[in-house]
Protein chains: 2
Amino acid sequence: MELFLKDIRNVNNANRHYAQKRKIISLLNKAENPLTIPGICKKVKLSIPTGTKLINELIETQIIVEVGKMETENGRRPSVYKVDPDYAYCIGVVILLKGISFSIFNLEMNEVYKFDNNDFILENTSKCLADVIAFIGNSISDSKIDLNKILGVGIGITGRINSQTGNSYNYFNFLESSLTSHLSEQLSVPVYIDNDTHVLGIAEQFFGEAKNVKNAFVVNLSRGLGLSIIANGEIVIGEQGFAGEFGHIQFAESDKLCLCGKRGCLGTEVSGYALEQNFKEQVQSGEISLLLNSKDISEIQYGDILKAAWEGDALSISLIHKMGFLIGKALGNMVNFLNPGIIIIGGKFVSAKEVLIDSIKSGMTHTALSLPLRSCELIFSSIGTDAAIKGAGAIVLCKLQLI
Amino acid sequence: MELFLKDIRNVNNANRHYAQKRKIISLLNKAENPLTIPGICKKVKLSIPTGTKLINELIETQIIVEVGKMETENGRRPSVYKVDPDYAYCIGVVILLKGISFSIFNLEMNEVYKFDNNDFILENTSKCLADVIAFIGNSISDSKIDLNKILGVGIGITGRINSQTGNSYNYFNFLESSLTSHLSEQLSVPVYIDNDTHVLGIAEQFFGEAKNVKNAFVVNLSRGLGLSIIANGEIVIGEQGFAGEFGHIQFAESDKLCLCGKRGCLGTEVSGYALEQNFKEQVQSGEISLLLNSKDISEIQYGDILKAAWEGDALSISLIHKMGFLIGKALGNMVNFLNPGIIIIGGKFVSAKEVLIDSIKSGMTHTALSLPLRSCELIFSSIGTDAAIKGAGAIVLCKLQLI
DNA sequence: TGGAGTTAATAAAAAAAATTATAAACTTGC
DNA sequence: GCAAGTTTATAATTTTTTTTATTAACTCCA
């Protein structure tokens with residue numbers, strides 16, 4: 001069993017059976033229910049004897065277990081098999097500007113351990129990197145899960161990331177080696193990274209509404225604005241892994257200076273940060289809000305505004321509306337560009353769904369051509385606020401081709 | 001041999017050897033030079049005895065031929081093999097608003113027959129469709145090439161196309177069945193379609209500068225404005241095949257009404273048509289141009305303006321410059337979105353390369369983030385004006401997985 | 001010129017996989 | 001309650017493929 005775990009971590013295993021074994025595990029992982037030997041063999045295009053052989057070998061290593069017989073209309077009842085969810089684990093970590101989260105998932109991608117630190121503040125310093133390593137290392141030991149059973153750590157981090165080389169360009173960019181190789185070394189576990197938005201896209205692609213769609217957008221609307229693009233059934237990462245910089249598309253109506261140095265970036269008007277700024281501006285120019293009854297203006301964060309909108313605060317609603325219309329226009333443009341079948345709005349703004357949905361839709365009709373728009377569904381993420389961390393964990397299974 | 005030709009047309013051939021034979025043919029097609037048996041076996045992951053067996057079978061059907069021995073540093077000299085370019089043919093047809101072109105290519109994608117009709121005018125009528133069918137049918141018989149040797153016809157046509165279903169939405173949209181099935185029936189040859197811009201993208205992907213890049217844009221700047229997107233090494237067609245409607249991205253600076261019914265479409269300011277309009281406007285407002293010496297203003301077409309710019313006409317140059325800057329800005333935005341490694345400018349405007357290149361580049365710096373921009377090359381298509389028709393023909397080989 | 005080294009192509013042997021056949025487990029209907 | 005029909009699972013046989021060995025073709029260098 002130990003042997004197999006070691007082998008399974010090496011995707012380029014020379015033994016050609018490993019590719020087929022991965023296919024079998026991936027098939028079982030993706031299936032809703034346990035599968036039969038004939039069913040598996042048909043899907044992975046193996047004859048029943050060889051398929052049986054491989055499955056028996058997988059059972060011997062204990063990664064696959066028989067879970068009983070299946071009821072059928074007629075004929076002999078087949079045994080059904082599934083992956084033992086606790087054969088191994090993967091870890092998801094999400095590092096945001098404020099806060100770091102850690103979750104361990106079993107092979108069914110159910111969370112078995114969770115630890116957050118909301119006091120964490122991301123800084124591009126070696127002190128902060130050491131904190132991250134300590135946080136992950138301590139969380140692993142606190143979880144009491146055997147390190148040998150951990151397939152890897154998938155990290156979603158803010159900023160521009162090259163997921164293929166494992167380099168981070170905005171944070172922890174002072175290392176000599178890549179961020180992933182440094183982390184892998186320090187933690188003695190394989191580490192994979194991607195940006196926080198791609199991680200959200202992966203979550204939707206494998207566990208959310210984008211599951212059965214070949215072309216999709218997954219919007220990450222939180223404090224920043226990002227987008228994951230799924231085209232031809234695959235997440236588009238681009239030549240250096242920078243695809244999806246939706247926040248820096250020049251599409252804003254004003255000419256505000258963006259942190260990136262350019263003007264007119266969509267993110268300066270559509271993002272949690274922009275919402276806070278707009279709110280403050282409006283209040284200073286005399287607008288009133290229910291929010292001011294409970295909080296001082298300097299303390300108000302975009303989450304408060306989203307909540308206020310839910311509670312009916314007129315100013316909050318109108319600001320979110322305006323934002324929805326604008327992002328809708330931008331999305332409509334991108335619908336012309338890539339003709340997606342579904343757009344999923346994710347991130348913290350999901351809580352403002354009721355206020356946002358119609359304004360986004362109406363924005364989209366202003367820019368999108370009718371034909372591609374007609375067949376593009378707009379929905380809000382249903383896999384909850386923990387989507388990102390699940391996506392981060394899923395990177396590991398993805399890279400090992402177990403999903 | 002006849003048998004094999006019939007088999008090769010059926011991509012989903014049950015015989016599992018056909019998939020590997022396709023791989024071998026595709027490998028030989030893509031290679032610059034003839035290949036050796038050991039070389040082929042290594043690439044398609046077959047042992048030498050089985051590889052030899054399949055290659056010998058392909059030689060028996062005459063699709064592959066031995067072309068001599070290869071010079072090596074040491075050891076026995078291997079025989080090298082290539083695809084017999086004249087074993088079969090594919091046809092490319094490009095249907096534009098004005099003009100229809102027909103070319104027959106051999107398996108090396110060299111043109112062996114060509115016929116154009118520049119008097120053709122595309123209309124959405126059954127009369128016009130009948131003309132197209134007659135044109136293709138007559139061209140085939142005029143070429144004297146055996147119909148049995150023709151693998152299929154790939155058509156690139158203006159307008160919105162669903163390349164998977166074979167439906168055309170703007171032209172010939174009155175049929176009960178799909179356009180491809182109607183044409184296949186009438187011509188007794190398999191027919192595949194895509195829009196004129198995708199066809200250009202296919203040409204660049206297989207024969208042009210995008211050959212070795214996984215993420216690329218291919219701009220089709222002619223009378224209209226279109227874009228082919230290559231992401232993760234594949235052309236993105238989108239959910240209904242409408243991806244790449246770059247001309248209808250809302251990014252123009254004015255509010256001109258577009259044919260699509262919207263305002264602000266990029267195509268209203270960046271396209272051959274827009275160039276003609278702008279030229280006329282400028283002349284009417286008093287600007288002068290060398291072009292007016294030789295032609296009446298009502299006769300001037302965008303091709304004339306491109307030519308005039310080449311000859312140094314100040315007005316033409318300034319208009320093309322402005323257009324280049326604007327499309328550059330739009331492309332820069334899309335660079336943020338998809339992080340391509342290369343942008344290829346194709347279409348009739350290639351002739352204005354000298355005037356366009358710097359203005360496009362400077363436009364891009366206004367919108368693109370520096371990191372993705374730095375690694376994105378901008379070039380003009382080098383595969384000439386016949387790129388589109390070669391791409392149309394290549395659809396056939398693409399669909400049959402022979403390339 | 002002829003042995004050592006190298007690679008290709010073929011032949012022989014061994015291993016692996018696919019068919020086919022058979023047995024087992026089950027439903028249905030007479 | 002037992003034959004007929006169905007499907008799974010395993011065993012036996014056949015086919016296919018790979019591995020290994022051998023022969024062939026060639027270079028280099030003493």
Side-chain angles (χ1 to χ4, degrees), chain A residues 4 7 12-25 27-28 31 33-61 63-83, chain B residues 4 7 12-25 27-28 31-83:
Chain A
F4 186 65
D7 287 336
N12 300 315
N13 198 305
N15 188 325
R16 99 195 105 105
H17 279 159
Y18 275 89
Q20 289 171 321
K21 285 183 179 174
R22 261 173 236 283
K23 270 194 195 170
I24 294 172
I25 295 168
L27 188 69
L28 289 168
N33 302 308
L35 301 177
T36 68
I37 289 185
I40 294 168
C41 292
K42 207 170 183 181
K43 284 272 188 182
V44 299
K45 286 179 184 167
L46 281 173
S47 70
I48 290 178
T50 26
T52 308
K53 198 190 103 198
L54 296 187
I55 291 165
N56 283 331
E57 282 174 26
L58 289 169
I59 289 171
E60 229 165 87
T61 63
I63 186 168
I64 284 184
V65 287
E66 192 187 322
V67 287
K69 301 267 179 188
M70 195 173 73
E71 288 297 306
T72 50
E73 298 271 301
N74 50 10
R76 178 171 166 178
R77 272 78 198 269
S79 296
V80 287
Y81 303 85
K82 65 164 196 168
V83 170
Chain B
F4 186 64
D7 286 339
N12 300 315
N13 198 305
N15 187 326
R16 99 195 104 105
H17 279 158
Y18 275 88
Q20 289 170 321
K21 285 183 180 175
R22 261 173 235 282
K23 270 194 195 169
I24 293 173
I25 296 169
L27 188 70
L28 289 169
E32 306 272 316
N33 301 309
L35 301 176
T36 68
I37 289 185
I40 294 167
C41 292
K42 206 170 183 182
K43 284 273 187 179
V44 300
K45 286 179 184 168
L46 281 172
S47 70
I48 289 178
T50 26
T52 307
K53 197 189 103 199
L54 296 187
I55 290 165
N56 283 331
E57 282 174 25
L58 288 169
I59 289 171
E60 229 165 88
T61 63
Q62 301 179 12
I63 187 168
I64 283 185
V65 287
E66 193 187 321
V67 287
K69 302 265 178 188
M70 195 173 73
E71 288 297 305
T72 51
E73 297 272 301
N74 48 12
R76 177 170 167 180
R77 271 78 196 269
S79 296
V80 286
Y81 304 85
K82 67 164 194 168
V83 170

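Lettering follows sequence order; numbering is per chain, from 1.
Using a 4.0 Å heavy-atom criterion, one finds that A:Thr36 contacts no nucleic acid atom at all.
If you check C:dA8, C:dA17, D:dT8 against the side chain of A:Arg76, the one that comes closest is D:dT8. Side-chain proximity of A:Thr52 to D:dT10, D:dT17, C:dT27: nearest is D:dT10.
Looking at A:Ile40 and A:Leu28, their side chains come closer than 4.5 Å, going by heavy atoms from C-beta outward. Using a 4.5 Å heavy-atom threshold, the side chains of A:Asn56 and A:Ile59 count as touching. When side chains are defined from C-beta on, B:Thr50 does not count as touching B:Leu54, because their heavy atoms never get closer than 4.5 Å. Looking only at side-chain heavy atoms (C-beta outward), A:Val80 and A:Asn33 stay at 4.5 Å or farther from each other.
Judged as a side chain to side chain contact (heavy atoms under 4.5 Å, CB included), and not counting sequence neighbours, the contacts of B:Lys53 are B:His17, B:Glu57. Residues forming a side chain to side chain contact (heavy atoms under 4.5 Å, CB included) with B:Lys42 (at least two apart in sequence, or on another chain): none. Not a single salt bridge (Lys or Arg N to Asp or Glu O under 4.0 Å) links B:Lys23 to another residue, sequence neighbours left out. A:Pro49 is linked by a side chain to side chain contact (heavy atoms under 4.5 Å, CB included) to A:Ser47, counting only residues two or more places apart in sequence or in another chain.
Spacing between atom CD1 of B:Ile55 and atom C1' of C:dT10 amounts to 14 Å, rounded to whole angstrom units. When rounded to the nearest whole Å, the span between NZ of A:Lys53 and P of D:dA9 equals 18 Å. Atom CG of B:Leu54 is separated from atom C1' of D:dT17 by 11 Å (rounded to the nearest Å). Taking atom CD of residue A:Glu73 and atom P of nucleotide D:dT7, one finds them 10 Å apart after rounding to whole Å. Straight-line distance from the CD atom of A:Gln20 to the C1' atom of C:dA18: 13 Å, rounded to whole Å.
Taken from NZ in A:Lys21 to CD1 in A:Ile55, the straight-line distance is 11.0 Å, to the nearest 0.5 Å.
The two residues B:Gly51 and B:Cys41 come nearest to each other via the heavy atoms CA-SG, 3.6 Å.
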Quick one: side chains of residues 63-78 of chain B, donor-acceptor pairs under 3.5 Å with protein atoms, not counting sequence neighbours, listed by atom name and distance.
residue : atom : partner : partner atom : Å
B:Glu66 : OE2  : B:Ser79 : OG           : 3.1
B:Lys69 : NZ   : B:Ser79 : OG           : 3.4
B:Thr72 : OG1  : B:Asn74 : O            : 3.4
B:Arg77 : NH2  : B:Thr72 : O            : 3.4

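With DNA chain D read from its 5' end, the first of the two nearest nucleotides for A:Gly75 and A:Asn56 is the one closest to A:Gly75. Toward the 5′ end of DNA chain C lies the nearest nucleotide of B:Ile37, the other residue of the pair B:Ile37 and A:Asn74 mapping further downstream.
Phosphate proximity of D:dT17 to B:His17: present, with a side-chain N or O under 4.0 Å from OP1 or OP2.
Near DNA chain D, meaning a heavy atom under 4.0 Å away, there are no residues from residues 63-72 of chain B. Within residues 41-50 of chain A, the residues approaching DNA chain C are A:Ser47, A:Pro49, A:Thr50, by heavy-atom distance under 4.0 Å.
Comparing the end axes of the helix from C:dT1-D:dA30 to C:dC30-D:dG1, each fitted to five base pairs by superposing C1' atoms of four pairs onto the next four, gives an inter-axis angle of 10° (nearest 10 degrees).
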